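See structure below.
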Amino acid sequence: MSKSNLSVILGIETSCDETAVALVNSEKEILGHLLYTQIEQTSFGGVVPEIASRAHLSHLPKLMESLFLQSGFAYDDLDGIAATCGPGLIGGVLIGALFGKSMANVLNIPFYAINHLEAHALTVRLVEDVSFPFLLLLVSGGHSQLLWVKGVGDYSLLGSTLDDAAGEAFDKVGKLLGLSYPAGPCLEALARLGNPHRFPLPSPLKGRRGCDLSFSGLKTATRLVIESLGSQITSEDKKDIAASFQKSLCDSLVDRTQNAIRLCLEHTPTFPLVISGGVGANQTLKGAFTRLAHTYGLSLHVPPPALCTDNGAMVAWAGQEKLKDNAADMLDFEPRPRWPLSC
Ligand code: KG4
Ligand code: ZN
């Protein structure tokens with residue numbers, strides 16, 4: 001592959017149960033991407049950190065080799081290496097970070113330590129021309145936040161979850177319904193067949209001031225409905241429970257984001273509204289936010305589902321954003337299990 005004047009960055013993602021690598025250039029082209037989902041975790045109903053670390057260690061070298069073979073690129077074509085350095089399960093993060101740093105050292109190219117949340121936040125700019133500032137709802141398996149995004153590395157936290165993350169609520173309710181982990185996509189498919197009005201479940205914090213989020217009350221109320229049906233629960237009941245749960249969760253997210261929109265409109269006349277993170281793959285949520293954005297005359301931007309859930313391209317793209325800012329990191333950057341985007 002001949003060198004062009006476009007920069008190419010390798011992205012490495014290992015912060016949870018997805019081992020992912022990708023090559024992305026400065027023209028927003030995904031030149032190659034591979035992802036291994038640790039299906040061995042499904043039998044445990046969640047992610048077991050020790051098993052996840054071992055799986056990253058065994059799959060990352062093979063994925064890397066295949067990525068270069070399949071894309072036709074060589075290590076010499078790289079202009080930088082970006083690896084998730086937190087937040088996440090520290091065993092996996094250490095493996096990806098060390099791998100990336102070693103490659104950057106051997107190839108003598110810049111290393112970009114990527115905040116996983118920032119990678120989710122910036123993904124939308126890989127697929128669309130969304131400029132700063134924008135209002136972001138970041139909803140994943142580990143985090144749920146509303147952020148005012150002013151630029152790369154420049155975030156104001158408007159609200160965050162007081163208890164569970166949105167994806168975690170999907171996974172826990174899905175487990176109670178007998179769905180395999182991660183339950184979000186299966187629960188969404190089940191909900192499509194159900195009646196969202198049959199079970200009146202609470203939409204946490206709806207109507208309350210502020211932009212914080214909460215999901216544990218909804219999760220408990222859903223659990224009580226499931227327990228009340230006991231062994232008599234039918235597949236129709238499960239579809240209706242899934243639909244009612246999803247509707248209440250989306251209603252709550254719309255309500256909390258509406259408060260954030262009003263807050264932001266006080267200082268900025270218009271701005272893009274963005275959803276990112278695994279739960280952003282949910283099409284019912286996207287539908288509800290399309291109506292919300294329309295009400296306030298805002299444009300809505302959501303990456304395609306495969307880029308909402310964890311992937312290597314979002315990490316490579318975050319590296320491209322940092323490269324533009326000339327913001328490479330030192331090789332002694334220490335991976336962090338916790339790494340808030342903003343205080
Ligand atoms: O961003 P992500 O891949 O990993 C983290 O950073 O946590 O998000 C994974 C979460 C899981 O909880 C999964 O159940 C949820 O996103 N998820 C969904 C959907 N697809 C993935 N939740 C609802 N609807 C979906 N279609
Ligand atoms: Zn994620």
Side-chain angles (χ1 to χ4, degrees), residues 11-20 22 35-39 41-42 45-47 49 52 56 83-89 92-93 96 114-124 136-145 147 160-161 164-177 179-192 194 196 213 215 218-219 222 242-243 245-250 252-253 274-289 302-315 317-318 337-341:
I12 303 173
E13 166 56 41
T14 54
S15 67
C16 192
D17 58 342
E18 251 94 33
T19 317
L35 179 141
Y36 174 78
T37 301
Q38 299 178 6
I39 36 167
Q41 303 282 357
T42 55
V47 182
H56 288 305
T84 296
C85 285
L89 300 175
V93 170
I114 304 300
N115 180 316
H116 182 82
L117 302 177
E118 176 152 51
H120 276 306
L122 299 174
T123 306
V124 73
L136 171 68
L137 173 71
L138 200 168
V139 268
S140 70
H143 297 85
S144 291
Q145 308 182 333
L147 293 147
S160 68
T161 183
D164 293 344
E168 199 179 348
F170 267 96
D171 294 337
K172 286 181 176 167
V173 167
K175 193 173 176 183
L176 293 172
L177 291 172
L179 305 175
S180 60
Y181 177 87
C186 315
L187 198 149
E188 179 179 14
L190 200 63
R192 217 171 281 135
L213 310 162
F215 304 102
L218 169 60
K219 185 191 65 189
T222 312
F245 162 80
Q246 183 175 260
K247 180 185 180 303
S248 297
L249 187 139
C250 290
S252 173
L253 287 177
V274 175
I275 311 178
S276 75
V279 181
N282 188 286
Q283 297 305 300
T284 300
L285 181 65
K286 187 176 178 184
F289 268 61
V302 191
L307 291 176
C308 281
T309 48
D310 289 352
N311 64 88
M314 70 182 199
V315 179
W317 175 248
R338 291 180 184 280
W339 188 358
L341 272 183

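In this chain, numbering begins with 1 at the start of the sequence shown. These values consider heavy atoms only, across backbone and side chains, with no hydrogens, waters or symmetry-generated copies. All values reported here derive from a predicted model rather than from experimental measurement. Counting starts at 1 for both ligands and their atoms, following the listed order.
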Please identify which atoms of ligand 1 are closer than 4.0 Å to at least one heavy atom of [X].
{"X": "Pro182", "answer": "13 (C), 14 (O)"}
{"X": "Pro185", "answer": "19 (C), 20 (N), 21 (C), 25 (C), 26 (N)"}
{"X": "Gly167", "answer": "12 (O)"}
{"X": "His116", "answer": "6 (O)"}

Just checking, is any N or O donor in the side chain of Thr14 or His56 under 3.5 Å from an acceptor N or O on the other one? no

Tell me which part of [X] gets within contact of ligand 1: side chain, backbone, both or neither, using heavy atoms under 4.0 Å.
{"X": "Gln283", "answer": "neither"}
{"X": "His120", "answer": "side chain"}
{"X": "Asn282", "answer": "both"}

Between Phe215 and Phe170, is the ring centroid distance below 6.0 Å? no

Which of these, Val279, Asp171, Asp310, has its nearest heavy atom closest to atom 12 (O) of ligand 1? Asp171

When you draw lines from the Zn ion (ligand 2) to NE2 of His120 and to OD1 of Asp310, what angle lies between them, to the nearest 10°? 100°

Return yes or no for this condition: an N or O of [X] is under 3.5 Å from an N or O of ligand 1.
{"X": "Phe170", "value": "no"}
{"X": "Thr309", "value": "no"}
{"X": "Gly142", "value": "yes"}
{"X": "Gly141", "value": "yes"}

Under 2.8 Å from the Zn ion (ligand 2), is there an N/O/S atom belonging to His143? no

For atom 26 (N) of ligand 1, find the nearest protein heavy atom and state the residue, atom name and distance (0.1 Å precision). Glu188 OE1, 2.8 Å

Which heavy atom of the protein is the closest neighbour of atom 19 (C) of ligand 1, given with residue, atom name and distance? Gly278 O, 3.6 Å

